[in-house]
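Before any comments, here is the structure.
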Amino acid sequence: MGEELNDSFSSRIDNSIDDHLIHDVSFVEIEHPLSSDITDTDAKPRRLFDIPHSLPTKQGLARIVTVTNQKGGVGKTTSVINIATHLAMRGARVLVVDCDAQGNCASGLGIDKSKTKITTKDVILTPSISIQARHATAVEGLHLIVGDHNLVGVEESLSAQLGRERRLVEALATLRPHYDLILIDTAPSMSIVSVNALTASDGILIPVQTEYLALEGVALLMGTIQEVRRLLNNSLGVDAVIMTMHSPTLLNTQVAGHLRETFGDLVLEPPIRRNIRLAESPSQGVPIQFHAPQSHGGQDYSLLSSELEALWFPGGLNNE
Ligand SMILES: Nc1ncnc2c1ncn2[C@@H]1O[C@H](COP(=O)(O)OP(=O)(O)O)[C@@H](O)[C@H]1O
Ligand SMILES: [Mg+2]
């Protein structure tokens, strides 16, 4: 058996000598049966993704977490606003950095962004002004650096700059000792601004809608995470996957099951149910905890945020 394989193996190599730089997929596949000491195990099917886990927060510094998914409308901004609010209400010092040009964190947290002077775009272009860029919000203990449409031009402004991926690292370095958590909201596209967010982060939170094709954007994101780890931030890892806009239909339940199979312990419970109160609270300028805390959305975000509190602050919050 071994000899047979060796023969077919060498003929493959001979045939491909001219094209020795081309990866032959069947060549790679045949490698494993060659080793004689492989025993049968009850191994599960291979994971779809190679998922790097994150490391614990460094002592005395805020945990920096980017909320991202390259798919739009999956509940990123809603999650940022409500998780940040819950943790601030628990006594954490929280800063939200809105890295999306849509700038929806501002209205969701009761801020009129047309009245703000210094925004995320300025912070990325001039990291030293990050301290002056913070705004108090409707929630005590929760501050915001406002994102707005000007972020669209950042890509061009930074194109010729050295170290353009590390602007946010620099900007947050001065703020980090003063917060427990810095939560970064991102746009669905993987722009230089999103790369800055990932480069500055300890962990990633991935909201995934429990709908058909839910994993499409996630596959893309995993590739991006690996690239950022390789080139810019080798301690970046996934903190958790959160299931959003969940309805009790068969399809949603199947997708939730698939997500749990794919991501294992990284999937946080409970899924956030689809709930009109969550959709309407930004128009009131307050998070769900103020608008309708007892609604399904309010309850789900509260439970989910408690899970995140345990994950991010295993020794408890300092201010308790
Ligand atoms: N669980 C939910 N139930 C109902 N509507 C939701 C829920 N989560 C988010 N929404 C609404 O869906 C839309 C997209 O959510 P958003 O958080 O802005 O997504 P993203 O930031 O990923 O683009 C918004 O109008 C938001 O209010
Ligand atoms: Mg958003």
Side-chain angles (χ1 to χ4, degrees), residues 65-86 96-111 113 119-121 137 144-152 183-191 193-194 196-198 204-211 213-218 220-221 224 240-249 251-253 255-256 259 267-305 307-308:
V65 179
T66 290
V67 179
T68 185
N69 183 333
Q70 276 156 274
K71 231 174 159 188
V74 296
K76 290 185 288 295
T77 302
T78 307
S79 298
V80 166
I81 290 171
N82 293 306
I83 292 166
T85 299
H86 182 90
V96 168
V97 182
D98 191 349
C99 280
D100 185 358
Q102 288 191 19
N104 291 336
C105 290
S107 47
L109 289 166
I111 290 180
K113 66 172 178 266
T119 65
T120 306
K121 166 226 146 198
T137 68
L144 172 69
I145 297 182
V146 172
D148 68 355
H149 62 279
N150 288 312
L151 272 167
V152 173
L183 213 47
I184 307 178
D185 192 16
T186 53
S189 59
M190 201 38 73
S191 63
V193 179
S194 303
N196 261 271
L198 294 177
I204 299 168
L205 211 54
I206 311 173
V208 181
Q209 208 177 332
T210 54
E211 292 285 354
L213 297 181
L215 290 175
E216 248 197 355
V218 182
L220 255 180
L221 178 60
T224 310
V241 172
I242 56 186
M243 298 180 282
T244 58
M245 302 198 202
H246 187 68
S247 311
T249 64
L251 174 66
N252 282 243
T253 309
V255 174
L259 286 168
V267 175
L268 282 195
E269 305 289 344
I272 307 296
R273 284 169 282 185
R274 194 176 274 284
N275 180 236
I276 187 68
R277 298 288 187 187
L278 282 169
E280 67 192 17
S281 65
S283 64
Q284 310 290 313
V286 287
I288 194 75
Q289 285 90 338
F290 291 91
H291 177 58
Q294 293 313 321
S295 63
H296 285 168
Q299 289 178 12
D300 294 344
Y301 268 113
S302 172
L303 289 169
L304 186 92
S305 304
E307 292 292 310
L308 286 167

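Start at 1 and go down the list; that is how both ligands and their atoms are numbered.
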**OP:** With sequence neighbours excluded, tell me which residues meet side-chain hydrogen bond (donor to acceptor under 3.5 Å, both in side chains) with Asp185.
**Re:**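 Listed in chain order: Thr77.
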**OP:** Pick, from Gln102, Met245, Lys71, Gln209, the option with the minimum heavy-atom distance to atom 10 (N) of ligand 1.
**Re:** Met245
Could you state the interatomic distance from [atom1] ([X]) to [atom2] ([Y]), rounded to the nearest 0.5 Å?
X      : Y      : atom1 : atom2 : result
Leu109 : Phe290 : CG    : CZ    : 9.5 Å
Lys76  : Thr68  : NZ    : OG1   : 6.5 Å
Thr78  : Ile272 : OG1   : CD1   : 10.0 Å
Asn150 : Thr119 : CG    : OG1   : 5.5 Å

Original post:
Among protein heavy atoms, which lies nearest atom 19 (O) of ligand 1, and at what distance?
Top reply: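 Heavy-atom neighbour on the protein nearest atom 19 (O) of ligand 1: Gly75 N, 3.0 Å.
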Original post:
Among protein heavy atoms, which sits nearest to atom 27 (O) of ligand 1, and what does the distance come to when rounded to 0.1 Å?
Top reply: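 Scanning the protein heavy atoms, the shortest distance from atom 27 (O) of ligand 1 goes to Ala279 CA, 3.3 Å.
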Distance-only, no hydrogens or angles: does the [X] side chain make a donor-acceptor pair with backbone N or O of [Y] under 3.5 Å?
X      : Y      : result
Ser194 : Ser189 : yes
Thr120 : Asp98  : yes
Thr244 : Val74  : yes

**OP:** Quick one: look at Arg273 and ligand 1, take heavy-atom pairs under 4.0 Å, and tell me if it's side chain, backbone, both or neither.
**Re:** backbone
Subject >> More than 12 heavy atoms from other groups under 6.0 Å of NE2 on His291 >> reply: yes
What are the atoms of ligand 1, with element, lying closer than 4.0 Å to any heavy atom of [X]?
X      : value
Leu278 : 1 (N), 2 (C), 27 (O)
Ile272 : 1 (N)
Val74  : 19 (O), 20 (P), 22 (O)

Would you check the N or O atoms of [X], main chain and side chain alike, for any that come under 3.5 Å of an N or O of ligand 1?
X      : value
Thr78  : yes
Pro282 : no
Thr77  : yes

**OP:** Using a distance threshold of 4.0 Å (strictly less than), state whether atom 4 (C) of ligand 1 has a protein heavy-atom neighbour.
**Re:** yes
Original post:
Under a heavy-atom criterion of less than 4.0 Å, does Gly73 contact ligand 1?
Top reply: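 For ligand 1, residue contact (heavy atoms, under 4.0 Å) with Gly73 is present.
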**OP:** Count, excluding waters, the protein N, O or S atoms that are closer to the Mg ion (ligand 2) than 2.8 Å.
**Re:** 1
Should [X] and [Y] count as side-chain neighbours, where that means a heavy-atom distance under 4.5 Å?
X      : Y      : answer
Ile83  : Val65  : no
Leu278 : Asn82  : yes
Pro271 : Glu269 : yes

